[in-house]
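This report concerns only the one structure given below.
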Amino acid sequence: MKPPFAAHPPGPRGLLAPVRNLFDLRRDPPGYFVDLARNHGPVSSFQLGARRLYFFAAPEGVREVLVTHAAVMHKGFLIRRVWESLVGVMGNGLLTSEGPFHDRQRRLVVPSFHRERLAGYAATMVEETAAHTSSWADGTTLNLAEVLSHLTLTIVGRALFGTDLGGSVGEISRAMSILLGLVERTRSPLAQWRYSRAMRAYHRARMQLDAVVGRLVAERRTGGEHDRGDLLSVLLLARDEETGAPGMTDTQVRDEVMTIMLAGHETTAAALAWTFHLLARHPAVETRLHAELDAVLPPGHTPTLADMPRLTYTRQVLSETMRLYPPAWLLVRRTIEPVTVAGYDLPKDATCLLSPYATQRDPHWFPEPERFQPDRWEEGQTAARPKHSYFPFGGGPRSCAGEAFAWLEGTILLAEIARRWRLAPAPGSPPPVPLASITLRPRDGMWMQARPRK
Ligand code: HEM
């Protein structure tokens, strides 16, 4: 609750604060929010140049922003032009649209992630993992982040759009890296110059992405679409509830496909890359994971949806990785009208920030927060924590539409790789550095060396 007469929540103050904040935030974006929470408590505010931003670190504030006041919060990003670039690529898709249009699209898309659909996706996940690791041999050195990004993209293409993205996978991945790299470009002192160069690369990447997705949609439209049971069929066959007329234009279908394709691969790939990084540094956790995998998945048995409840430790490992390295490390909202949040009156157009990275490192909920400890996710301990102390998938009406898909994919890929391979840091490779752009990914990839387990 705010102290009486306080106009703004506490935060870094002083004449130079608006400039110092900019500098500190650029130097270590996730660390900046950890420090804010530690030094200024559950609700804080700070100035970036002329703008005041509000940061809600405690579960109660997170709930108010994501759930209670969701109707007056629109999406955004810390750096406005990066958000505009994202909207440029994703158009009016699920991640970027607002209001009744968003709600209708979400109702259409979400059934594709229901349990009965997931069972079919599991087989694709297993097959593609086998295909993407088939060339590995004892001592193979690889950029695991890139392998996983290609693997998860291929899975989204096959499972949700019924297509083999094949040669386009490299192209899409490169375009995605350019998009995510835009944030980095805005941080350097030569920002404007570097940004204009990055924007040229961005426009090229956008055209490439458009061409890939345009081809995908056109092929299915001209083939006379019938229900193939995938998400693309749902989008193409959608009908207006009242008139029965085609519910979505090609542009709308394009925007949804682009959104799911981009939102649905890099995040899971980053979570898995950080998982293998942590496993390599925590042999006791790795040994326990192997024991579970050997017991639940004996040789010849490939994982299915039905095995998921028995892969409890595997899921705990993933949960703990996403606590320390949440792929969506910062969620941003802009108020569309004045609103009182956590006791503070916010004006219209105020920027509200939530950071799973910072909240999930609060020692109050997670003692010794820097330690990688999958045991924290045992049932009793999880139940004792408030709901929004952990929110790697967001919350409320804009929570991740692909969460169930992501858990299944994360668990299957981790199980299928870890039951056969041990991955250690590649000799001579520097430790991976987290790049906090729109996602939290290893900046220069993740170089590892594979060794067969048995
Ligand atoms: C570990 C993997 C993933 C993580 C951590 C993650 C995280 C998130 C988060 C935090 C949001 C909400 C952002 C906000 O509130 O500002 C979100 C939204 C979204 N995610 Fe995910 N996601 C993951 C995987 C996926 C997958 C696999 C798909 C699809 C196949 C997907 C599709 C979406 C979509 C469409 C939205 C927008 C939902 C809406 O606004 O209605 N995500 N994701």
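Nothing fancy with the numbering, it's 1 onward along the sequence. Both ligands and their constituent atoms are indexed starting at 1 by order of listing.
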Legend entry - ligand 1 N/O within reach of Arg333 N/O, cut-off under 3.5 Å: yes

Inset, instruction - Step by step, work out the side-chain contact (heavy atoms from CB on, under 4.5 Å) result for Thr335 and Val72. - result: CA-CA 6 Å; Thr335 58; Val72 295; 5.7 Å; no

Legend entry - Any Thr152 heavy atom less than 4.0 Å to ligand 1: no

Inset, instruction - Determine, for Asp210 against Arg254, whether the closest basic-nitrogen to carboxylate-oxygen distance falls under 4.0 angstrom. - result: yes

Inset, instruction - Ignoring hydrogens, just give me the one of Ala70, Pro327, Ser97, Cys400 whose non-hydrogen atom is nearest atom 18 (C) of ligand 1. - result: Cys400

Inset, instruction - Pick one of side chain, backbone, both or neither for how Phe405 approaches ligand 1, counting any non-hydrogen atom pair under 4.0 Å. - result: side chain

Legend entry - Nitrogen or oxygen atoms of Glu409 and ligand 1 under 3.5 Å apart: no

Inset, instruction - Kindly indicate whether a cation-pi arrangement holds for Arg315 with Trp407, taking the cut-offs as under 6.0 Å to the six-membered ring centre and within 45° of the axis. - result: yes

Legend entry - Top protein contact for atom 13 (C) of ligand 1, by heavy-atom distance: Leu331 CD2, 3.9 Å

Inset, instruction - Take every heavy atom of Gln105, measure it against each atom of ligand 1, and state whether any distance is under 4.0 Å. - result: no

Legend entry - Part of Arg398 with heavy atoms under 4.0 Å of ligand 1, whether side chain, backbone, both or neither: both

Legend entry - Arg376 side-chain N/O to Pro367 backbone N/O, donor-acceptor pair under 3.5 Å: yes

Legend entry - Identity and distance of the protein heavy atom lying nearest atom 5 (C) of ligand 1: Pro392 O, 3.5 Å

Inset, instruction - Drop me the distance from Leu232's CG to Leu216's CG, to the nearest 0.5 angstrom. - result: 5.5 Å

Inset, instruction - Examine Arg281 relative to Phe372 and say whether NZ or CZ is less than 6.0 Å from the centre of the six-membered ring and inside a 45° cone about the ring axis. - result: no

Inset, instruction - Please determine if Arg361 forms a cation-pi arrangement with Tyr357, meaning its NZ or CZ atom is less than 6.0 Å from the six-membered ring centre and no more than 45° off the ring axis. - result: yes

Inset, instruction - Assess whether side-chain contact (heavy atoms from CB on, under 4.5 Å) is satisfied between Arg107 and Arg104, documenting all intermediate values. - result: CA-CA 5 Å; Arg107 278 198 300 277; Arg104 191 190 80 132; 4.1 Å; yes

Inset, instruction - State whether Phe366 and Arg323 meet the cation-pi test: NZ (Lys) or CZ (Arg) under 6.0 Å from the six-membered ring centroid, and within 45° of the perpendicular axis. - result: yes

Inset, instruction - Could you name the option among Leu408, Leu66, Leu95 that has the heavy atom nearest to atom 37 (C) of ligand 1? - result: Leu95

Legend entry - Numbering as shown, the atoms of ligand 1 that approach His102 to under 4.0 Å (heavy-atom distance): 39 (C), 40 (O), 41 (O)

Legend entry - Heavy-atom gap Glu403 to ligand 1 smaller than 4.0 Å: no

Inset, instruction - Please report which non-hydrogen protein atom sits nearest to atom 4 (C) of ligand 1, along with the residue it belongs to and the distance in Å to one decimal place. - result: Phe393 CE2, 3.4 Å

Inset, instruction - Report yes or no: does Val156 have a heavy atom closer than 4.0 Å to ligand 1? - result: no

Legend entry - Non-hydrogen atom of Ser399 closer than 4.0 Å to ligand 1: yes

Inset, instruction - Just jot down the ligand 1 atoms closer than 4.0 angstrom to any heavy atom of Met322, in number order. - result: 1 (C)

Inset, instruction - Could you walk me through whether Arg228 and Ser233 pass side chain to side chain donor-acceptor pair (under 3.5 Å), step by step? - result: CA-CA 6 Å; Arg228 301 185 201 202; Ser233 285; 5.1 Å; no

Legend entry - Non-hydrogen atom of Trp407 closer than 4.0 Å to ligand 1: no

Legend entry - Carboxylate-amine/guanidinium contact Arg334 Asp349, below 4.0 Å: yes

Legend entry - Whether His265 lies under 4.0 Å from ligand 1, heavy atom: no

Inset, instruction - Among all protein heavy atoms, pick the one closest to atom 28 (C) of ligand 1 and tell me residue, atom and distance. - result: Gly264 CA, 3.4 Å

